[in-house]
Structure formats: C-alpha cells, structure tokens
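Reviewing the structure listed below.
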Amino acid sequence: MPELPEVETVRRGLERTLVGRRFDEVTVGRERVARRTSRKELRDGLTGARVVRVDRRGKYLLLELDSDSVAMVHLRMSGQVVIDEGRTAPPAHSHVVADLDDGQRMLFIDPRTFGEVVVASRNEFEILIPELGRLGIDPLVDGVTIDDVVSMCCNRRRRVKSLLLDQSEIAGIGNIYADEICHRSGIRPDRQAHTLSRRSCRRLADSIVDVIEEAVDLGGSTLADAQYVGVDGEPGSYQDRHRVYARTGQRCITCGRGIIRRVMIDQRSSHFCPVCQR
DNA sequence: AAACAAACCTGTGCGC
DNA sequence: TGCGCACAGGTTTGTT
C-alpha cells in the first residue's frame, strides 16, 4: 500500500479519530512488530497515553502522546492501521490491538511483517530511529522547487528514478509515484540525472508536487489486491489515474502511440512510455 | 559514487 | 487440483 499519499490519507484518518483519545488495553501479538524495542515497551508506552497530535514525515507516521513519548508507525509493504468498533475478533495478522477510551479499537495489521511500531520518549526517539533525521524534503509540506531538483541532479550519474526513490533526497516517493512522476515529466526513469536540462528539472519539480497532491486528494492508490488505505477501510481512487504503473504492454494513454515498457531499476519494476518519455 | 544482491516475510497469481 | 516460480506499495546492509 503505502507511499506518501497513502500514509497521508491514514494520517488524516487518525487525526480525525485518534486525537484526544486514550489507549486503554493494548495487546502486542508478534514480537517482530516491536523489534526495535520490545513488546513490553510498546505495550507500556501506549497504555494510558492520550494522543495529542498525528504527524507524518515522509512515509513515517508519528503519534505525539501526552506522556512525553512519541509513537512511530511505519507500514512498509503491507501494513495497515484500522480503527473499528472492536466488536469482532481482530482479523488475521493484527499484531497490535489497542482499545480506545471511546469504545473503538485501533489495529495494526501487517501480513508481511516488515512494518513496525515504536514508542519512545522524546529524548531517545532520534537515537532509536536515526533514519528520521536523514529524511529529505517533504513534497506536500515543503514543496519542491526547480533549484531543489537541479541541485539533486547536477553531477549525479545516478538514474532519475533512483534519486526519486532516495528518501534522503525527497521523502515519501515510492515505486508507483516515481513512475507516474517520471511519466508526467516526460523523462525516462533510467535517464542519468546529470543529463537533464533546466527545463526538465522544472517539469520534474512540478510533477512531483502535482502527482503527490492529486494522489492525496484522491485518497491514494488501492491496487487489485485490495490492501485498504483509509483507517475506515475505504479504498483510494488514484489507481484509476495511473498512466504507466502496472500497464506493461498497454498503449500509452497520453500519446496514444507508445506501448508501455517495463525495466528493472534498483531492483524495482519500472514502467515508462518510450515515445513520450525521453 | 552508484549499481547490484540479498535479506526481512506472507500472499497471490500464473504457467504447466 | 496441485506445484513451483515470479512478483508485490519499503528499507537496510554488504558487496562489486
């Protein structure tokens, strides 16, 4: 599921349902979800704490608690955060089950178990989660200027898509949106960054912001395997706007001439139109 | 510096 | 129907 637009959709849902709520009983199932600390630290850190604010940094969700601690949730490949009425048994792969003081329930569900939840005091937070300090600019919060892109690309032999996926450059772009951004920019994802003209850098900067904002407006992308996006289980609809992602062999919607090709870049499937992307 | 490989897991879809 | 393989929205670590 989750790149910036999906994580932002979850953030908004949690802001609506979780701010002001207190965690009552908390059950941590699988040890792996709390691997950076321990099941006990995760349970104790949440239990009795009230949520003050819900933030996002790139793909990282941050729940600010009234206990001077912060909870970090990362969904990785298959994580979901769901708020429900708590009247049924938690679905399979519910690794964290937290009852709320209003009778609802928060679930962290994650079949592939790459995701994690960390609770730590403000002091130890940066030491425990050092990658937060290495995140680059956030397209939604900071915007992306042509100068940001020029300085990211100049003298870099790396391929454009590789840079877009680098969370220390721009935070929040993942495999779907990197492909969609390249397509909207008219730039092949395997193009070496230093060969981009100033005009291409401007198109890239604009496309990053436009694609991400549009995807957020539509609640992110929910793919065929129906991993939900919203905390209420509602799917997003940006998948209907995908122009290249998972469209290998189909005709390009934009130019009507190219057939979408798939290549591997940084071990990730990458899709582009050979006619309108150069 | 940059590309590549593998690792962490489970589930699904496809060809045979 | 069943089996084996490829592949999946992310990130880290280690090797070329």
Side-chain angles (χ1 to χ4, degrees), chain A residues 1-11 29-36 56-61 72-81 91-95 108-118 128-136 151-182 189-195 211-212 215-216 218-230 235-242 244-249 262-271:
Chain A
M1 170 169 72
E3 302 180 34
L4 190 158
E6 293 77 30
V7 177
E8 175 63 16
T9 301
V10 171
R11 189 200 69 76
R30 208 191 276 233
E31 178 110 46
R32 192 170 147 72
V33 72
R35 58 193 175 279
R36 216 181 287 228
R56 180 190 55 76
R57 301 261 289 114
K59 300 171 194 167
Y60 295 75
L61 279 170
M72 185 283 281
V73 179
H74 199 301
L75 305 171
R76 294 287 181 108
M77 294 290 266
S78 59
Q80 281 179 257
V81 180
H93 310 295
S94 296
H95 306 313
F108 179 80
I109 305 164
D110 186 13
R112 290 180 72 179
T113 74
F114 294 161
E116 59 174 326
V117 183
V118 177
L128 211 50
I129 313 176
E131 59 268 38
L132 278 174
R134 294 186 223 118
L135 291 178
S151 59
M152 175 174 82
C153 291
C154 77
N155 298 327
R156 306 294 293 276
R157 311 261 137 184
R158 272 222 266 176
R159 292 166 293 188
V160 169
K161 178 166 175 180
S162 181
L163 284 170
L164 289 177
L165 291 174
D166 187 336
Q167 303 299 298
S168 71
E169 298 285 347
I170 299 168
I173 299 172
N175 203 39
I176 295 175
Y177 296 103
D179 282 1
E180 295 300 322
I181 287 163
C182 284
D190 56 356
R191 178 98 172 263
Q192 289 202 314
H194 71 98
T195 67
V211 166
I212 295 294
V216 168
L218 294 180
S221 303
T222 300
L223 301 187
D225 56 359
Q227 297 263 358
Y228 294 136
V229 165
S237 60
Y238 191 76
Q239 66 280 2
D240 301 329
R241 302 279 243 266
H242 292 176
V244 284
Y245 183 80
R247 295 195 66 250
T248 309
R262 175 180 177 274
V263 297
M264 292 305 275
I265 298 174
D266 289 2
Q267 302 183 332
R268 317 297 303 275
S269 281
S270 304
H271 314 77

It should be established whether A/Arg268 places a side-chain nitrogen or oxygen under 4.0 Å from OP1 or OP2 of nucleotide C/dG9.
yes
Roughly, in whole Å, what's the span from CG in A/Leu135 to C1' in C/dT12?
14 Å
Can any side-chain N or O of A/Glu169 pair as donor or acceptor with the backbone N or O of A/Met152 at less than 3.5 Å?
no
Rounded distance in Å between the P positions of B/dC4 and C/dC7:
16 Å
If I take atom CD1 in residue A/Ile265 and atom C1' in nucleotide B/dA3, what distance separates them, rounded to the nearest angstrom?
12 Å
If the test is side chain to side chain contact (heavy atoms under 4.5 Å, CB included), which one of A/Asn175, A/Val263, A/Ile181 qualifies with A/Lys161?
A/Asn175
Closer than 4.0 Å, any side-chain N/O of A/Arg262 to the OP1 or OP2 of C/dA8?
yes
Quick check on C/dT11: is either OP1 or OP2 less than 4.0 Å from any side-chain nitrogen or oxygen of A/His74?
yes
With a 4.0 Å cut-off, would you call A/Arg134 and A/Glu131 a salt bridge?
no
Set of ring pair (Phe, Tyr, Trp, His ring centres under 6.0 Å) partners for A/Tyr245, sequence neighbours left out:
A/His242, A/His271
Could you tell me whether the phosphate oxygens of B/dA2, OP1 or OP2, come under 4.0 Å of any side-chain nitrogen or oxygen in A/Arg156?
yes
Taking the same atom, P, in C/dA6 and in B/dA5, what whole-Å distance lies between them?
14 Å
How would DNA chain B look in dot-bracket form, 5' to 3', counting Watson-Crick and G-U wobble pairs with both distances under 3.5 Å and writing | for bases paired to another strand?
.|||||||.|||||||
Where the side chain of A/Gln239 meets the backbone of A/Ser221, is there a donor-acceptor pair that is under 3.5 Å apart?
no
Using the P atom as the reference point in each nucleotide, state the distance between B/dC9 and C/dC3 in Å, no decimals.
24 Å
I want to verify a distance call: between C/dT12, B/dA3, C/dG10, whose nearest atom is closest to the A/Arg134 side chain?
C/dT12
In whole angstrom, what separates A/Arg191's CZ from B/dA2's P?
16 Å
Give a yes or no on whether A/Asp240 atom CG has more than 12 heavy-atom contacts from other residues, nucleotides or ligands under 6.0 Å away.
yes
Can you find a donor-acceptor pair, distance only, under 3.5 Å between A/Gln267 side chain and B/dA3 base?
no
Distance check: side-chain N/O of A/Tyr60 vs OP1/OP2 of C/dG10, anything under 4.0 Å?
no
Is the closest basic N to carboxylate O distance between A/Asp110 and A/Arg30 below 4.0 Å?
no
Nearest-Å distance once atom P is located in both B/dA7 and C/dC5
16 Å
In whole angstroms, the gap separating P of B/dA2 from CD of A/Glu169 amounts to 9 Å
Side chain of A/Glu131, heavy atoms from C-beta onward: which of B/dA2, C/dT12, C/dG10 has the nearest atom to it?
C/dT12
Tell me whether the OP1 or OP2 atom of C/dT11 has a side-chain N or O from A/Gln167 closer than 4.0 Å.
yes
Starting at the 5' end of nucleotides 9-16 of chain B, put B wherever the base has a protein heavy atom under 4.0 Å, S where only the sugar-phosphate does, and a dash everywhere else.
BBS-----
Tell me if the CZ atom of A/Arg241 is crowded by more than 12 foreign heavy atoms within 6.0 Å.
no
So, do A/Lys59 and A/Gln167 sit near enough that their side-chain heavy atoms are less than 4.5 Å apart?
yes
Could you tell me how far B/dA1 sits from C/dG10 if I compare only their C1' atoms? Round to whole Å.
23 Å
Looking at every strand, decide which applies to A/Tyr238 at a 4.0 Å heavy-atom threshold: base, sugar-phosphate, or nothing.
nothing
Which nucleotide wins on minimum distance to the side chain of A/Asn175, given the candidates B/dA2, C/dG9, B/dA3?
C/dG9
For A/Met77 and C/dC7, give me the distance from atom CE to atom C1', rounded to whole Å.
9 Å
Can you measure A/Asp190 atom CG to B/dA2 atom C1' for me and round it to whole angstrom units?
15 Å
Under the salt bridge (Lys or Arg N to Asp or Glu O under 4.0 Å) test against A/Arg159, which residue among A/Asp266, A/Asp190, A/Asp166 passes?
A/Asp266
How close or far is atom C1' of C/dG9 from atom CD1 of A/Ile181, stated in whole angstroms?
14 Å
Whole angstrom is fine here: how far is it from OH in A/Tyr228 over to C1' in C/dG9?
17 Å
Please check if any side-chain donor atom of A/Glu6 sits under 3.5 Å from a side-chain acceptor atom of A/Tyr238, or the reverse.
no
